[in-house]
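Everything below concerns the one structure shown next.
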There are 2 protein chains.
Amino acid sequence: MRKAATIRDVAARAGVSVSVVSRVLNGTGPVAPAKRVQVLDAIEALAFRPRAAARQLSQGHSDTIGLLLADLTNPFFARLADRVVAEARSRDLQILLMTTQEDPHLEGQALDTLLDRSVGGMIGTPTGHNVERWEKLSALDIPVVFVDRSIAELDQVDVVSIENIDSAATATRHLLDRGHTRIGIISGPLDTTTGVERVQGYEQALRERGVARDDRLVRPAPFRGDHGADVVAQMLALPEPPTGLVVANTAQVRVVLRMLSQARVEIPDDLSVVVFDDNPWTELIRPPLTAVRQPIDMLALHSVELVHARMRQKLPPAPRRVRVPAEFLERASTARR
Amino acid sequence: MRKAATIRDVAARAGVSVSVVSRVLNGTGPVAPAKRVQVLDAIEALAFRPRAAARQLSQGHSDTIGLLLADLTNPFFARLADRVVAEARSRDLQILLMTTQEDPHLEGQALDTLLDRSVGGMIGTPTGHNVERWEKLSALDIPVVFVDRSIAELDQVDVVSIENIDSAATATRHLLDRGHTRIGIISGPLDTTTGVERVQGYEQALRERGVARDDRLVRPAPFRGDHGADVVAQMLALPEPPTGLVVANTAQVRVVLRMLSQARVEIPDDLSVVVFDDNPWTELIRPPLTAVRQPIDMLALHSVELVHARMRQKLPPAPRRVRVPAEFLERASTARR
DNA sequence: TACAAAACTGGAACCGGTACCACTCTATCA
DNA sequence: TGATAGAGTGGTACCGGTTCCAGTTTTGTA
């Protein structure tokens, strides 16, 4: 097996210097039309492909984006990854994939690795910890975009997410409109922005209608594990159990539904349920679920677009906060009380 | 912002040569204990992290594995990606993610890119095309492992998959045992190994029981699109429609179920259904689905282990074919005829 | 026709590691 | 006591691109 051709082989074959070949490759300087053709022919003939590592070494940065997601087992993140990969390809960017499994320690390791690779940019769903390391990435001029969630302390970082407050308020109003006043909400952890904001939206809707907030009906659950199921069970065991439920923690939707099914809680007769995130399986569940659909393709599009623009320094330094509206889908899991 | 430290900075600070630092870093040669400590201290003090690109350039290969999956929207591949990422991390390998969307053209582009990046290895679910490019990777001594599916012509490539024939035979026998003789099967395209093998298993089970094969009940469907639904509809419109159905095409399970639900076909009363691949949502569907569960963690483990071993040239050249057994889960979607 | 500006070209340093090789210094053994 | 193996060390070429800069040619304009 012959060794792969290098830029010097191409230069020799085309009868020009490596500088010219490089300029043809990148369009970074003038090249006479005739020589350009010779170079292109030589590239073709030798099947030359520039080594990414060499370019990266001399330029100091790469066209690879680190994608740090919580958990690919969650269909929301899986579909997000799918779209991000597609958007990246259309911009000739590569995706280095890592997962945190919602574990700050793993997240820390992943961030270190990403630094070594001198990725050109980062898209991530932060666990909420490792603030110093995220800061360090930014300090090294590596563009970072948070998607879905963010970290409040890091207000210099770009964020792309859905309108969490509005969406939660809409979901809650939907239940209020149907006569429910005892409405439970399972949110993400309150040290994540999605957790906090969705609870805010919920509270806002209650306030609008003059319904008092009951602490026992507002419960966060971690993203990992089955804790959400326990929390719902506790709510249902209250003297005055809720008749409506908002599951605002995407990762807990499945376990909550499983628990309700096992406990023979009839939806929507015993309990009206709205879930966050609509995935292709929700419509196969009986009854089909009323859901807040997150526009995943928009989240992916904006995230990639944003890192890409920052990588090319096409954007003023001020941090961007992109908020895309989510769609509310009424199906059969919610009913008049 | 100060520039990041290089190996020469470390050498200077520790009062040694770069060779010594490199040896400390990689354990590639002897270093006096005292100097080792000095070097380690300097690394610590300067927060030095070796640049991956530089190492890759001089070594000619990288510790990055290209992961080329069909489609992250399919929970099977998403969970596979999740496990592959985890296995890779525990071996200090990185994952460069790409998707083919089942499109040979996109797959071709992705393979080209992977070549440029001089990835150290590849794990992929081939579309069945681009044979020359896969061969080229192998010819360049880049270890390739096919997972889930493979390409028959490329018999020199390692493969990790489930026991497709057995699994399909088991699923079919399960229906035969319950008195079904008109059994339909929706397989993957017949130019994929999973498609062919699962049909073989189906036929084998029929033969064992002396049931004649009816061509109209053996239908492949592409992985993309909703074609599987049409095919099932056609089967059900036959003069003698099937009473049992094996959906052996993971990607079509969802659309088939949706169609059955819309057509008000009662499962299992009108039709007993066995599906390939069990994902966390299948048990939430009414009725819970009888399924062939693919041991995704094993598929991931073996794939990564295999590329890793090949990357370190720890394996004899003969191609490995790892076949892991799949589990059969009886639930409520199949019943006696 | 003369001369400045623009287009074009190639040499070579550089990015940050790895690894080969030559050399020094001990320790061991006959 | 001298030969010798082997640990320990540093110098430096090399990997394959990019880019700066100085030098040459072409073009445009007065």
Side-chain angles (χ1 to χ4, degrees), chain A residues 2-40 42-43 46-64 94 113 115-120 140-141 312, chain B residues 2-40 42-43 46-64 113 115-120 140-141:
Chain A
R2 242 179 26 269
K3 281 195 52 186
T6 74
I7 198 174
R8 286 171 233 270
D9 299 329
V10 174
R13 172 153 186 148
V16 300
S17 72
V18 293
S19 316
V20 174
V21 179
S22 178
R23 264 178 256 133
V24 170
L25 250 25
N26 307 296
T28 44
V31 174
K35 299 223 171 187
R36 158 167 279 114
V37 172
Q38 293 169 35
V39 170
L40 259 15
I43 288 177
L46 299 172
F48 167 74
R49 312 217 46 146
R51 240 65 91 239
R55 165 176 290 147
Q56 181 176 340
L57 178 60
S58 73
Q59 295 195 141
H61 63 95
S62 74
D63 58 357
T64 301
Q94 308 309 317
T113 316
L115 277 170
D116 303 350
R117 321 288 302 184
S118 20
V119 289
L140 286 169
D141 276 326
R312 292 172 306 159
Chain B
R2 243 180 22 270
K3 279 198 52 187
T6 73
I7 198 173
R8 287 171 231 271
D9 299 328
V10 174
R13 172 154 187 146
V16 299
S17 73
V18 292
S19 313
V20 174
V21 179
S22 178
R23 265 178 252 130
V24 170
L25 250 24
N26 307 296
T28 43
V31 175
K35 298 223 173 188
R36 158 166 279 112
V37 172
Q38 294 170 33
V39 170
L40 259 15
I43 289 176
L46 299 172
F48 167 74
R49 314 218 46 153
R51 239 65 90 238
R55 166 177 286 146
Q56 180 176 340
L57 179 58
S58 74
Q59 294 195 143
H61 65 252
S62 76
D63 57 355
T64 300
T113 315
L115 277 169
D116 303 349
R117 322 287 301 182
S118 21
V119 289
L140 286 169
D141 276 326

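In what follows, chains carry the letters A, B, and so on, assigned in the order in which the sequence lines appear, proteins first and then strands, with residues in each chain numbered from 1. Side chains included, hydrogens not; waters and symmetry mates left out as well; all remaining heavy atoms used.
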Take the C1' atoms of the five end pairs on each side of the helix from C:dT1-D:dA30 to C:dA30-D:dT1, get both axes, and report the angle to 10 degrees.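 Computed from the C1' atoms at both ends, the axes differ by 40°.
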Using side chain to side chain contact (heavy atoms under 4.5 Å, CB included) as the criterion, list what pairs up with [X], not counting sequence neighbours.
{"X": "B:V18", "value": "B:I7, B:R8, B:A11"}
{"X": "B:S58", "value": "none"}
{"X": "A:Q94", "value": "A:D63, A:T64, B:L96, B:M98, B:T113, B:R117"}
{"X": "A:A5", "value": "A:D9, A:L46, A:F48"}

Taking any atom under 4.0 angstrom from a heavy atom of chain A, which nucleotides of DNA chain D are the first and last to qualify, 5' to 3'? D:dG16 to D:dT19
Under 4.0 Å from any atom of DNA chain C, heavy atoms only: list the residues of residues 27-34 of chain A that qualify, in numerical order. A:P30, A:V31, A:A32
Please list, by residue number, the residues of residues 8-25 of chain B whose heavy atoms come closer than 4.0 Å to an atom of DNA chain C; answer none if no residue qualifies. B:R8, B:S19, B:S22
Report the residues that fulfil side chain to side chain donor-acceptor pair (under 3.5 Å) with A:R55, sequence neighbours left out, ordered by chain and then residue number.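 Applying side chain to side chain donor-acceptor pair (under 3.5 Å) to A:R55 gives A:N26.
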Could you work out, with side chain to side chain donor-acceptor pair (under 3.5 Å) as the rule, every residue matching B:R13, not counting sequence neighbours? none
Which is more 5' along DNA chain D, the nucleotide nearest A:R55 or the one nearest B:Q59? Just name the residue. B:Q59
Of the non-hydrogen atoms in A:P30 and A:R23, which two are nearest, and what is the gap between them?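 Scanning both residues, the minimum pair turns out to be O-NH1, 3.5 Å.
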Locate the shortest heavy-atom distance separating A:A53 from B:L57; write the atom from each residue and the value.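 Result for this residue pair: CB-N, 4.2 Å.
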Quick one: B:D63 CG to C:dG17 C1', roughly how many Å, whole number?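 Atom CG in B:D63 sits about 13 Å away from atom C1' in C:dG17.
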Considering the options A:L25, A:V31, A:V21, which one meets the side-chain contact (heavy atoms from CB on, under 4.5 Å) requirement together with A:V39?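 With A:V39 as partner, side-chain contact (heavy atoms from CB on, under 4.5 Å) holds for just one option, A:V21.
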Tell me which residues in residues 47-54 of chain B lie within less than 4.0 Å of DNA chain D, going by non-hydrogen atoms. none
Interface polar pairs with nucleotides 26-28 of chain C, N/O, under 3.5 angstrom:
none

Between atom CG of A:L115 and atom CZ of B:R51, what is the distance when rounded to the nearest 0.5 Å? 10.0 Å
